Protein chains: 2
Amino acid sequence: MSTSAQPLRRPMGRPVRRNEIRQQNETLILQAAEKVFAEAGFGGATVQLIADVAGLPKANLLYYFASKEDLYRRVVRNIFEFWLHAADSLDNAPGPVEGIGAYIDAKMEISRRHPDGSKVWASEVMHGAPVIQDYLETTLREWTTGRAALIQRWIDEGKMAAVNPEHLLYMLWATTQHYADFGHQIETLNGGQPLSDTQWRAAKESVKTMILRGIGAI
Amino acid sequence: MSTSAQPLRRPMGRPVRRNEIRQQNETLILQAAEKVFAEAGFGGATVQLIADVAGLPKANLLYYFASKEDLYRRVVRNIFEFWLHAADSLDNAPGPVEGIGAYIDAKMEISRRHPDGSKVWASEVMHGAPVIQDYLETTLREWTTGRAALIQRWIDEGKMAAVNPEHLLYMLWATTQHYADFGHQIETLNGGQPLSDTQWRAAKESVKTMILRGIGAI
DNA sequence: TTTCCGCTTGACCATACGGTCAGGAAACGA
DNA sequence: TCGTTTCCTGACCGTATGGTCAAGCGGAAA
């Protein structure tokens with residue numbers, strides 16, 4: 001486990017007003033948990049380590065969250081909501097070039113800024129979605145159906161080639177998330193260095209160009 | 001953990017010749033381990049469960065493999081070798097349509113037939129490649145450099161558009177492995193049913209068409 | 001000042017886990 | 001047949017983990 005034990009430490013001047021304490025500690029713990037779950041997986045993570053990263057005693061953490069599983073559940077659901085919101089880029093776009101282009105930009109930015117969340121999500125799904133299954137069957141299914149219909153509309157309007165909308169969505173998810181989930185591999189192949197600003201721009205452009213051309217939109 | 005405790009059971013008529021016993025039990029254990037590690041991650045997997053799946057007492061498993069970590073190491077390295085071999089499809093191809101087309105076919109077939117291996121690999125890399133780092137830095141780096149050069153050659157020969165070879169490789173890996181690593185999500189979105197033969201064919205064709213068109217090869 | 005109630009925490013507990021070991025069974029070579 | 005090597009396994013052990021608890025702390029409301 002490479003996570004430094006340096007506590008994240010409470011944001012500067014600590015407001016001690018009762019209401020804020022709960023709010024503040026919960027987000028502190030959730031951040032620490034996301035990091036540790038991403039690095040070690042659910043099974044490999046320990047409550048003690050999460051507490052260390054959050055800079056709190058373990059018993060205090062378990063005062064806010066009833067159990068490790070409860071905490072994990074909260075982390076996963078937060079990520080899910082976050083992603084769903086970030087996906088609005090697809091809507092309200094006149095066509096695939098703008099819509100899918102913006103979606104790729106947004107997803108790549110998330111992979112860059114929140115790789116931990118992406119990893120936790122990937123881990124959850126890979127292990128059969130034990131805690132998020134209901135969301136997959138309801139919210140995600142609706143979301144997917146809606147966007148597939150949108151893509152189909154674009155196809156019918158002659159704005160892009162007749163590709164299978166579902167498989168296009170899978171390709172979008174796969175390609176963009178790869179930069180987070182397999183970031184370590186990419187970093188290693190990049191000479192051990194994280195992608196630079198320039199390289200991230202190039203990555204975004206590569207992905208956008210290949211996919212937009214791949215669906216006959218440019 | 002959904003893994004049934006039904007032992008994989010020794011392949012029919014047990015040849016009890018000494019030489020074969022070791023060989024046979026080792027592969028039996030490795031298969032069970034791949035399955036359990038894929039479903040639970042390294043941290044979530046237990047030696048006891050692997051032993052149950054293999055249909056052997058825990059102590060017997062630890063007779064063949066010195067430790068859980070040792071067993072995991074063997075599993076990961078096996079997968080790595082397997083994949084590297086399967087990637088020869090790219091070579092000896094006259095151009096991107098044949099080479100990359102065959103590579104996508106091969107990778108999709110692996111995702112379909114060996115999803116567990118893919119998941120273990122993804123998990124390993126996501127957690128920072130603790131046991132396979134040296135291979136990433138040597139074998140994988142060389143492999144990648146070589147194939148990037150091959151792709152560059154095709155570009156220079158005007159057989160495809162001038163895309164960034166590395167990012168093309170990432171897209172190939174991401175898209176094909178997605179069907180294994182996120183198979184559960186895809187299955188859920190498919191009405192809870194695994195992809196049928198027909199659907200797998202459609203998936204392959206979708207991926208091939210989008211990517212080959214995306215790189216200007218068709 | 002007193003009371004209340006949410007916050008904090010060190011000490012503690014039961015369990016599950018990875019790993020060991022000693023002794024027996026089974027195959028092999030002579 | 002006998003000795004040797006490999007295979008097999010129940011019982012056991014130390015440790016780490018998730019979780020509990022009871023006692024204290026400190027704003028805030030009366």
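The analysis underlying the following values was restricted to heavy atoms, covering all of them including side chains, and did not include hydrogens, waters or symmetry mates. Here the structure is a predicted model, which is why all the values come from computation and not from measurement.
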Checking I79(B), D116(B), D181(B) against W121(B) for side chain to side chain contact (heavy atoms under 4.5 Å, CB included), the one that qualifies is I79(B)
Is the phosphate of dC21(C), meaning OP1 or OP2, less than 4.0 Å from a side-chain N or O of Y63(B)? no
Assess whether a salt bridge exists between E39(A) and K35(A), defined as any Lys/Arg side-chain N lying under 4.0 Å from an Asp/Glu carboxylate O. no
Once base and sugar-phosphate atoms are separated, protein heavy atoms under 4.0 Å mark nucleotides 15-20 of chain D, 5' to 3', with B, S and - as --SBBB
If I take atom CZ in residue R22(A) and atom P in nucleotide dC7(C), what distance separates them, rounded to the nearest angstrom? 5 Å
When the distance from CD of Q24(A) to C1' of dG6(C) is rounded to whole Å, what number comes out? 16 Å
Rounded to whole Å, please give me the gap between CD in E20(A) and P in dG6(C). 18 Å
Taking atom types as modelled and ignoring hydrogens, do the side chains of H114(B) and E34(B) form a donor-acceptor contact shorter than 3.5 angstrom? no
Between P on dG18(C) and OH on Y72(B), what's the gap in Å once rounded to a whole number? 15 Å
If only side-chain N and O atoms of Y64(B) are considered, is one of them under 4.0 Å from the OP1 or OP2 phosphate oxygen of dC8(D)? yes
Heavy atoms only: give me the nearest M108(A)-A203(A) pair and the separation to one decimal. CE-CB, 3.9 Å
Residue pairs involving residues 33-61 of chain B (criterion ring-ring contact (aromatic ring centres under 6.0 Å, His included); sequence neighbours excluded): F37(B)-F42(B), F37(B)-Y72(B), F42(B)-Y72(B)
Over how many whole Å does the gap from N60(A) atom CG to dG6(C) atom P extend? 15 Å
Return the value, rounded to whole Å, for the distance between atom CD of E26(A) and atom C1' of dG6(C). 13 Å
Roughly how many Å is it from CG in L56(B) to C1' in dC8(D), rounded to a whole number? 10 Å
From CG of L61(B) across to P of dG10(D) the rounded distance in Å is 14 Å
Per side chain to side chain contact (heavy atoms under 4.5 Å, CB included), K107(A) is matched among Q177(A), R112(A), K204(A) by Q177(A)
